[in-house]
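Chain naming here is simple, since letters A, B, ... match the order of the sequence lines and numbering starts at 1 in each. Atom set for the values below is all heavy atoms of this structure, side chains included, hydrogens, waters and symmetry mates excluded.
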Amino acid sequence: MSDASTLERPADTDRPAAETPVLLGLLAEVTHRCPLQCPYCSNPVALDAPNSELSATEWGRVFREAAALGALQLHLSGGEPLARRDIVDIVAEARAADLYINLITAAVNLSPERADALVAAGVDHVQVSLQDATSEGCGAITNMKGAFEKKRAACALVTERGLPLTLNAVVHRHNLDNVERMIAIAVELGAHRLEIANTQYYGWALANRAALMPRPEQVAKAGEIVDAARERLRGTLNIDYVAPDYYARYPKPCMGGWGQQFLAITPSGAVMPCHAAASIPNMAFDNVKTTPLGDIWRASEAFQRFRGTDWMREPCRSCARKDEDFGGCRCQAMMVTGDAANTDPVCVLSPHRAALDAALAEATAADTPPAFTWRRYAKGEPAA
Amino acid sequence: MQPLTRNDILVRPSWARLKACKVRGHPVLLVPEQVLYPCPTTVEVLERLESPTLYGAVIDALAADYDAPADVIETDLTPLVSGLLEQGYVRRIDA
Ligand code: SF4
Ligand code: SF4
């Protein structure tokens with residue numbers, strides 16, 4: 001059967017240009033607390049304090065407002081969402097809003113009882129992070145001994161309850177050589193999907209870039225392994241592979257376009273067009289504690305600033321790919337070029353590509369990379 | 001994959017959620033990391049597989065609805081349902 005004849009992906013942007021886009025999904029970062037300390041954490045370096053977190057009831061209101069804007073998929077994340085004692089209540093609120101619930105967890109503190117309660121409350125799909133393919137590797141990256149074994153046990157709890165399981169592996173210089181073993185683990189644990197994503201360099205990962213940037217030969221080999229495994233495991237395991245963008249010629253599309261399909265909400269209720277947007281310094285984010293989500297989605301300055309293509313400068317403005325990649329990542333443009341409105345420096349057409357190549361050359365030159373700094377809660381700034 | 005027969009018992013897993021989306025004005029199928037727009041025939045099949053059901057009963061029900069011979073419906077339906085099975089959005093249950 002041809003996939004397209006019966007099941008099509010929605011084209012939510014098929015609408016008159018002046019209308020507000022229909023929201024497709026939201027990322028709810030319900031807490032920044034996490035028992036692990038991954039050095040590439042996508043949380044901002046200044047973390048929200050636990051006492052500023054939205055309550056389960058507040059999340060419920062936000063979920064209903066998101067559903068009214070068209071949201072279908074909810075990604076419940078953090079930090080570690082299971083660090084919230086009331087995570088089951090949050091899930092129940094999401095289910096009452098009829099959202100499809102993806103729980104994204106490090107899974108080092110999932111008991112059978114909690115797994116039962118989460119399933120009963122309505123979780124649809126669980127994504128577990130896999131930091132490496134061995135116990136030592138996983139311990140070294142997360143700074144937690146035994147994390148690997150706990151994750152494996154949690155994965156079994158998920159699949160035993162009939163829920164689909166995705167393993168999320170963020171790859172970098174220290175674990176990219178272990179991709180084959182990660183694939184074997186995913187098969188062994190009965191995962192439906194394995195997502196292998198090269199580190200995106202913002203937040204904590206940017207501070208650790210020299211320690212994490214893979215070498216070219218690692219990148220090439222991993223690509224070959226993934227291609228072969230996809231072929232071999234068709235129908236058993238879906239493998240999504242996100243290639244490292246510093247090695248690409250063109251940037252990745254910014255999640256379906258800025259303010260086109262997604263929004264992200266921080267633990268304390270700030271609403272952002274993407275989870276990394278806090279790295280853009282002069283951007284203010286409205287908060288669901290004071291403003292209805294619909295108003296934020298339709299009219300807030302943060303969403304309007306890079307919505308559509310009118311804001312673009314050259315070379316994006318006259319580029320044929322602009323509706324495909326939306327000029328790449330605003331956050332990366334900010335971090336590497338100092339201006340979020342510039343073309344993503346990954347693009348070969350960007351005048352800043354040379355700066356990125358220099359960083360790449362420097363980071364991959366050393367035979368032994370520098371040690372990385374773990375993400376820590378208390379102090380904020382990574383010491384890189 | 002084993003070819004599909006009228007005697008197969010099929011079910012849609014609870015995580016493959018069919019929903020009438022009011023904002024978009026048509027049904028959507030929600031699965032991990034994806035939102036899919038099923039065609040009207042797929043919707044009819046998925047609606048009938050909320051609990052374990054004989055594939056033959058699905059064929060007969062559609063044949064009655066469309067006032068068409070069951071074998072014609074089966075010929076049309078089998079590639080569609082086989083595709084759903086392959087993607088895991090419908091499961092075969094051992095009798
Ligand atoms: S701006 Fe960058 S980090 Fe943010 S969603 Fe777009 S691509 Fe992702
Ligand atoms: S110039 Fe802009 S739109 Fe064109 S490929 Fe590069 S980033 Fe994309």
Side-chain angles (χ1 to χ4, degrees), chain A residues 1-12 14-15 20-25 66-75 95 97-104 119-120 122-127 158-159 161-166 168 191-193 195 234-238 240 256 261-262 294, chain B residues 1-4 10-52 55 58 62 74-93:
Chain A
M1 181 192 73
S2 111
D3 192 36
S5 65
T6 59
L7 291 168
E8 284 173 9
R9 288 176 184 254
D12 283 302
D14 285 354
R15 67 194 143 67
T20 307
V22 175
L23 182 63
L24 184 64
L69 294 170
L72 298 166
Q73 292 266 3
L74 167 67
H75 305 279
R95 192 55 188 245
D98 206 15
L99 296 172
Y100 192 86
I101 305 165
N102 301 282
L103 178 70
I104 304 172
V119 172
V123 166
D124 292 294
H125 167 222
V126 180
Q127 303 195 30
V158 171
T159 53
R161 282 157 183 76
L163 287 189
L165 169 72
T166 291
N168 289 337
H192 290 220
R193 277 179 72 240
E195 196 179 299
R234 196 181 298 279
T236 307
L237 177 71
N238 284 326
D240 279 348
Q261 301 188 334
F262 290 96
Chain B
M1 197 181 72
Q2 289 256 334
L4 192 59
L10 306 178
V11 69
R12 167 163 54 92
S14 59
W15 52 261
R17 279 169 57 190
L18 191 64
K19 168 175 167 165
C21 176
K22 288 195 205 102
V23 177
R24 290 168 181 79
H26 45 80
V28 289
L29 179 65
L30 303 177
V31 296
E33 299 297 301
Q34 283 193 68
V35 175
L36 300 162
Y37 283 3
C39 73
T41 314
T42 305
V43 172
E44 292 200 46
V45 171
L46 292 172
E47 276 173 344
R48 290 187 157 85
L49 296 180
E50 198 156 341
S51 53
Y55 179 46
V58 175
L62 288 186
E74 183 173 356
T75 309
D76 283 356
L77 220 51
T78 297
L80 183 155
V81 178
S82 303
L84 292 169
L85 270 170
E86 224 162 79
Q87 288 162 302
Y89 307 148
V90 165
R91 273 208 197 119
R92 202 184 327 228
I93 296 181

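Of the inter-residue distances, the one linking A:Q127 atom CD with B:E33 atom CD reads 4.5 Å to the nearest 0.5 angstrom. Here B:L30 contributes atom CG and A:D98 contributes atom CG; the two are 8.0 Å apart, rounded to the nearest 0.5 Å. Atom-to-atom distance recorded for A:H125:NE2 and B:R17:CZ is 13.5 Å, nearest 0.5 angstrom.
Checking side-chain atoms of A:Q73 against main-chain N and O of B:V31 turns up a donor-acceptor pair under 3.5 Å. A donor-acceptor contact shorter than 3.5 Å links the side chain of A:Y100 to the backbone of B:W15. Remark: the backbone N or O of A:L72 is not paired with any side-chain donor or acceptor of B:K19 at under 3.5 angstrom.
Residue A:L165: no heavy atom, backbone or side chain, is found under 4.5 Å from chain B. The part of B:V28 that comes within reach of chain A is its side chain, from C-beta onward, which places non-hydrogen atoms under 4.5 angstrom from that chain.
Using a 4.5 Å heavy-atom cutoff, the side chains of B:Q87 and A:N238 are not in contact. A heavy-atom distance below 4.5 Å is not found between the side chains of B:E86 and A:R234.
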